[in-house]
Amino acid sequence: MIIMMLGAFLVSAGIVLILMPYYINYLKKISFNQAVSEYSLEEYQKKAKTPTMGGVLFVIVPVLVTFLFIPKAVFDMDVAIVLLAFIGYGAIGFIDDYIIVIKQDNQGLLASHKFLLQVLLAVIFFIVYQSHTSLDIVIPIFHTVLPLGGLYGVLIFFMFVGGSNAVNLTDGMDGLAAGCSVIALVPFLLFALQARNIAIVVFISSLLGALIGYLRFNIHPAKIFMGDTGSLALGGSLAALAMVLKQEVAFLFIGGVFVWETLCVIIQISSVKLRGKRVFRYTPIHYSFVLQGMKETKVVRSFWILSVICAVVGFIIAVL
């Protein structure tokens, strides 16, 4: 299992490292450049000429590498659910990115249309999943099994829709979302190793390798951005991994940075609408630190450290 894990990691990393320069040049040639987010600060406008949709490569490569190492993985229901989330949410992001690039504004898919597609996928996951396994969750530490029944569908809704959008909100600085995702994936790799789920181990290893390869070109100064293709795919895959590995509660802690980013945005919007006042200087919250004088690279490193703390806490809570 360890040999397959390392092999999948190295093959994915190698493919992305080799192909990414050619992919970046191709995107520049066809002018698939970043449309600056409506949430971005003014000083980030210069990033508008950076190619986007880097997520396409780190979505395709892990899927192919997983099937290369385990051809029968498609018949494994756990892998099928994870890949469906990974590819499905990546496809929604791809459509959004494509519209944004073609129109050269940051509107993309209408929010209602994107939300509807995300909910539709979550419903499909629930239908498939409930025919595959129990709809219980395990409360860590207390080791209490809580049967949710139909309410598990509500949990899936928040995990998938919330998770995919949370990574999307975090994707605002060079290396931020990709680095935090790498860190968040590590506990799930350990859970999969503990469960001896070889197919899931290979997939996570492949994804980690592809993300490490992508980070080589995404750390400051970024030569490419993942776009919604990458951020939605990563959020969807993290939620799916938590679901199939029965670590739904631990997911909240492991993805603590993503949860924090999302809660800050929700609190900010609610406060402005209800009180006419801001709670934070700027949201997503990572921009607030830049406004306070921190360099972007320092903010990213700080968030990576926080993500490591969250991942360790989540893992410890899960195994106690």
Side-chain angles (χ1 to χ4, degrees), residues 4-5 7-30 32-34 50-76 78-102 108-109 117-118 121 160 163-164 167-168 171 177-179 181-182 185 188-189 199-218 222-241:
M4 291 186 72
M5 178 183 76
F9 175 86
L10 292 173
V11 170
S12 276
I15 292 174
V16 173
L17 285 169
I18 292 169
L19 294 183
M20 190 62 81
Y22 298 100
Y23 183 55
I24 291 172
N25 288 334
Y26 173 72
L27 291 175
K28 286 181 177 179
K29 186 177 180 180
I30 61 176
F32 260 54
N33 299 328
Q34 172 77 9
T50 305
T52 188
M53 295 176 76
V56 169
L57 207 53
F58 70 68
V59 168
I60 293 175
V61 170
V63 174
L64 295 179
V65 171
T66 298
F67 289 133
L68 174 66
F69 277 79
I70 306 181
K72 294 182 179 180
V74 69
F75 301 110
D76 185 308
D78 286 346
V79 175
I81 290 172
V82 172
L83 290 182
L84 180 60
F86 190 50
I87 297 170
Y89 279 95
I92 295 174
F94 180 86
I95 296 170
D96 195 36
D97 285 336
Y98 187 82
I99 294 173
I100 288 172
V101 170
I102 295 300
L109 272 173
L117 288 172
Q118 290 174 315
L121 273 178
F160 281 95
S164 57
V167 178
N168 185 244
D171 184 32
S181 295
V182 166
L185 281 166
F188 291 110
L189 177 60
I200 293 295
V201 166
V202 169
F203 169 75
I204 297 175
S205 301
S206 302
L207 180 52
L208 281 169
L211 279 175
I212 294 296
Y214 165 76
L215 265 172
R216 166 66 180 78
F217 302 92
N218 182 242
K223 297 178 179 64
I224 190 168
F225 297 126
M226 68 172 69
D228 283 10
T229 306
S231 60
L232 294 185
L234 288 173
S237 63
L238 285 168
L241 287 168

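With Tyr89 contributing its side chain and Gln118 its backbone, the two residues share a donor-acceptor pair below 3.5 Å. A distance-only check finds a donor-acceptor pair linking the side chain of Ser12 to the backbone of Ser206 [under 3.5 Å]. The main-chain N or O of Ile224 is found under 3.5 Å from a side-chain atom of Asn218 such that the two form a donor-acceptor pair.
Summarising the geometry, atom CD1 belonging to Ile81 is positioned 8.0 Å from atom CG belonging to Leu84; distances are rounded to the nearest 0.5 Å. With rounding to the nearest 0.5 angstrom, the CG atom of Leu109 is 8.0 Å from the CD1 atom of Ile100. The CG atom of Leu57 lies 10.5 Å from the OH atom of Tyr214; values are rounded to the nearest 0.5 Å. Here the CD1-CG distance, from Ile200 to Leu83, works out to 7.5 Å after rounding to the nearest 0.5 Å. Separation of atoms CD1 (Ile87) and OG (Ser237) is listed at 11.0 Å; rounding is to 0.5 Å.
The minimum heavy-atom distance linking Leu208 with Leu189 is given by the pair CD1-CD2, 4.0 Å. When all heavy atoms of Ser181 and Ala177 are compared, the closest pair comes out as OG-O, 2.8 Å.
Between Asp171 and Met226 there is a side-chain heavy-atom pair separated by less than 4.5 Å. The side-chain heavy atoms of Tyr23 and Val16, taken from C-beta on, include no pair separated by under 4.5 Å. Side-chain contact between Met5 and Ile204: absent, with no pair of heavy atoms (C-beta onward) separated by less than 4.5 Å. Using a 4.5 Å cut-off on side-chain heavy atoms (C-beta onward), Leu17 and Arg216 make contact. Side-chain contact between Lys72 and Asp76 is absent, with no heavy-atom pair separated by less than 4.5 Å. A 4.5 Å side-chain heavy-atom check between Phe203 and Ile70 finds every atom pair outside the cut-off.
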Go through the steps for Leu207 and Phe86 under the test side-chain contact (heavy atoms from CB on, under 4.5 Å), then give the verdict. CA-CA 10 Å; Leu207 180 52; Phe86 190 50; 3.7 Å; yes
Take Phe160 and Leu121 through the side-chain contact (heavy atoms from CB on, under 4.5 Å) test and state the conclusion after the steps. CA-CA 9 Å; Phe160 281 95; Leu121 273 178; over 6 Å; no
Assess the residue pair Met53 and Asp228 against the criterion (side-chain contact (heavy atoms from CB on, under 4.5 Å)); give the C-alpha distance rounded to whole Å, side-chain angles, the decisive distance to 0.1 Å, and a yes or no. CA-CA 7 Å; Met53 295 176 76; Asp228 283 10; over 6 Å; no
Could you check Asp78 against Val82 for side-chain contact (heavy atoms from CB on, under 4.5 Å), going step by step and ending with a plain yes or no? CA-CA 6 Å; Asp78 286 346; Val82 172; 5.7 Å; no
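Summarising the local packing, OH of Tyr98 is surrounded by 12 or fewer heavy atoms from other residues, nucleotides or ligands at distances under 6.0 Å.
Partner of Phe58 under the side chain to side chain contact (heavy atoms under 4.5 Å, CB included) criterion, chosen from Leu211, Leu215, Ile212: Leu211. Under the side chain to side chain contact (heavy atoms under 4.5 Å, CB included) test applied with Leu64, the options Val61, Leu68, Ile60 reduce to a single match, Ile60.
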Counting only pairs under 3.5 Å, give me each side-chain donor-acceptor contact of residues 229-236, with atom names and distances, residues two or more places apart or in other chains.
residue	atom	partner	partner atom	Å
Thr229	OG1	Phe94	N	3.3
Thr229	OG1	Asp97	OD2	2.7
Ser231	OG	Asn168	ND2	2.9
Ser231	OG	Gly227	O	3.4

